[in-house]
S.K.: 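Before I ask anything, let me first share the structure, which is written out below as C-alpha cells.
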Amino acid sequence: MATVNSMLRDGALEGQVIVITGGGTGLGRSMAEAFLRLGARVCITSRKLEVLQATAAELEKATGGTVLPVACDVREWRDVDRMLEQVLAKFGRADALVNDAAGNFISPTERLSSKAFETIIGIVLMGTVNCTLAFGKHWIAKGEKEKKVLNITTTYAWTGSGYVVPSACAKAGVLALTRSLAVEWAKYGIRTNAIAPGPFPTKGAWQRLLPGELVEKFDMAKRVPLGRVGEHRELTDLASYLVSPFSSYINGEVVTIDGGEWLKGAGQFNMLEAVEPAMWDAIVHMVRGTKGS
Ligand code: HXC
Ligand code: NAP
C-alpha cells in the first residue's frame, strides 16, 4: 500500500502494534490512519464504541490495514486493564502507546466546580497515568524492549493558560510524567516522548474551545507566526517518526509543533509585528536621536 504524502518510507512501521487512546476522532484518528498506511496494526480506544467501530471500518477500507476498536474509559483502571488484555488477545503484543484522549472546555475558573476539575484531570492526567502504568507494567514484567509511549500534551503545559485551567494543570502533569519516566524506564527499553501541538482544527477541540461566533472572533491562524493553523499530516508525520525505530535515541523530548505560536505570545516585544515597514525609519530616527541624552 503506497503511502500518501508521508515523510517515512512505505513499511516503516511494519510489524508494530500501536494503541491510540482517543483514536476514533480528530488527531487520534489521523494518527491511526498514518500508522496504518506505514504498515502498523492499530487499536483505537475511547468511550464511544459506535464511533470507534465506524472509524475502524473506514480506516480498514481506506488502508487495507487491521484496526481493533475497544471501548475504554481511560479514567477507569479496570477498563484500561481489559483494553490491554484485548490488544494482547488480538495481536499478541503492543509496541507503542499513544496517549491522545483528552477532555477540555473553556470557562472562567471561578465558575468551575470541583467536579469539573476532577473530570478533566481524570481524563487527561489520570487517563494518561492509567494507560502508561498498565502498558509499562506489562512490558517490564515480560522484559520486552523497544517500546514507546507518546503523550499528546499542549504548549500551555509549561506556560499555563487562563480559561482552560483544569486542562493546563493536567497537561503540565503529563509533561512531568513524560520527562520522569523517560529517565526511570529507559533501563527497561521504554522511550517516553511527547508532542505539544498548536492549533490543529478538529471538531472536538473547535466545538468546545471556539464555540459559536468565537471561531470568527478569535482566528487561531492570526496567533501563529507562520500565519496558518496546522495540517493533520504535519502532526502525523512527527508522531510516526516518534513511534518508529528511526527515533531510537530520542527520549524525554517534547516536540512543539505550533508554527511558532507560543513563542510569539512569550517574546516581550513580539507585538512590534504590528509596526508597518514604513514606520521603522521614523522609529530608528527617534531612537538614534536620543543618543547622549
Ligand atoms: C463548566 C463544565 C462544562 C463547561 C462540563 N462541566 N462542561 N463546567 N463549563 N463547559 C462540568 C459539569 O458541570 C460537571 O460538574 C463536570 O464538568 C463533568 O461534566 P460531564 O458533562 O458529566 O462530564 P463527561 O460526560 O465526563 O464529559 C467530559 C467533558 C466533555 C470533558 C465535559 O466535553 C467531553 O466528553 N470531552 C471529550 C472530548 C474533548 O473535550 N475534546 C477536546 C480536546 S481539545 P458538576 O459539578 O456540574 O457535576 C484539547 C486542545 C487543547 O485538549 C488546545 C487547543 C488549541
Ligand atoms: P478530540 O477529537 O475531541 O479527541 C479527544 C478524544 O478523547 C475523543 O476521541 C474522545 O472520544 C476521547 N476521550 C475523551 N474522554 C475520554 C475518556 N474518559 N476515555 C477515553 N477516551 C476519551 O480532540 P483532538 O483535537 O483530536 O485532541 C486530541 C489530542 O490533541 C488531545 O490530547 C488534545 O488535548 C490535544 N491537542 C489538540 C489540539 C488541537 O488544536 N486540536 C491542540 C493541542 C493539543 P470519546 O468521546 O468517544 O471518549
Side-chain angles (χ1 to χ4, degrees), residues 19-33 43-55 69-77 79-80 83 98-131 150-157 159 161 163-172 174-175 194-212 214-215 218 220-221 223-224 229-232 234-236 238-239 254-259 261-262 265:
V19 176
I20 307 150
T21 70
T25 65
L27 296 177
R29 177 190 165 124
S30 294
M31 284 188 276
E33 179 164 2
C43 166
I44 54 174
T45 84
S46 78
R47 293 166 300 179
K48 302 187 193 98
L49 187 59
E50 330 78 71
V51 173
L52 294 168
Q53 284 169 335
T55 297
V70 178
C72 165
D73 187 329
V74 291
R75 290 171 287 194
E76 304 295 332
W77 174 256
D79 274 21
V80 172
M83 181 266 284
V98 180
N99 285 305
D100 167 86
N104 203 354
F105 46 70
I106 48 170
S107 174
T109 306
E110 67 275 15
R111 293 170 64 116
L112 294 178
S113 64
S114 167
K115 180 77 190 303
F117 263 87
E118 201 177 297
T119 300
I120 301 304
I121 290 171
I123 301 170
V124 176
L125 180 54
M126 283 315 297
T128 301
V129 167
N130 287 338
C131 294
L150 178 61
N151 295 326
I152 309 301
T153 180
T154 57
T155 53
Y156 58 62
T159 62
S161 175
Y163 304 97
V164 285
V165 173
S167 171
C169 296
K171 293 288 193 183
V174 171
L175 180 63
I195 294 177
F200 282 79
T202 65
K203 196 172 161 203
W206 258 229
Q207 271 182 350
R208 291 177 178 89
L209 304 175
L210 295 166
L214 290 190
V215 75
F218 301 110
M220 294 303 262
R223 296 175 40 79
V224 180
V229 293
E231 290 175 24
H232 285 212
E234 294 170 320
L235 184 136
T236 62
L238 176 60
V254 181
V255 184
T256 300
I257 179 165
D258 73 344
E261 183 197 30
W262 88 267

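Atoms within a ligand are numbered from 1 in the order they appear, just like the ligands themselves.
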S.K.: Name the residues in contact with ligand 1, where contact means a heavy atom under 4.0 Å away: which are they?
M.R.: R47, R75, A102, G103, N104, F105, L112, S113, K115, A116, T119, I120, T154, Y156, G204, A205, R208, L209
S.K.: Using modelled atom types only, decide if a donor and an acceptor are shared between the side chain of D100 and the backbone of I152 within a distance under 3.5 Å.
M.R.: no
S.K.: Can you pull the residues with any heavy atom under 4.0 Å from ligand 2?
M.R.: G22, T25, G26, L27, S46, R47, K48, C72, D73, V74, R75, D100, A101, A102, I123, I152, T153, T154, K171, P197, G198, P199, F200, T202, G204, A205, W206
S.K.: Report the residues that fulfil ring pair (Phe, Tyr, Trp, His ring centres under 6.0 Å) with W206, sequence neighbours left out, ordered by chain and then residue number.
M.R.: none
S.K.: Tell me, which pairs form a salt bridge (charged side-chain N to carboxylate O under 4.0 Å, His left out) where one or both residues lie in residues 22-33, sequence neighbours left out?
M.R.: R29-E58, E33-R37
S.K.: Any side-chain heavy-atom pair from L112 and P166 closer than 4.5 angstrom?
M.R.: yes
S.K.: So, do F105 and P211 sit near enough that their side-chain heavy atoms are less than 4.5 Å apart?
M.R.: no
S.K.: Under the 3.5 angstrom rule, does the side chain of T202 hit a backbone N or O of L27 as a donor-acceptor pair?
M.R.: no
S.K.: So does P201 get a backbone contact from the side chain of H232, meaning a donor-acceptor N/O pair under 3.5 Å?
M.R.: yes
S.K.: So, does D79 use its side chain to make a donor-acceptor pair with the main chain of D73 at under 3.5 Å?
M.R.: yes
S.K.: Does the side chain of V224 reach to within under 4.5 Å of the side chain of P199, using non-hydrogen atoms?
M.R.: yes
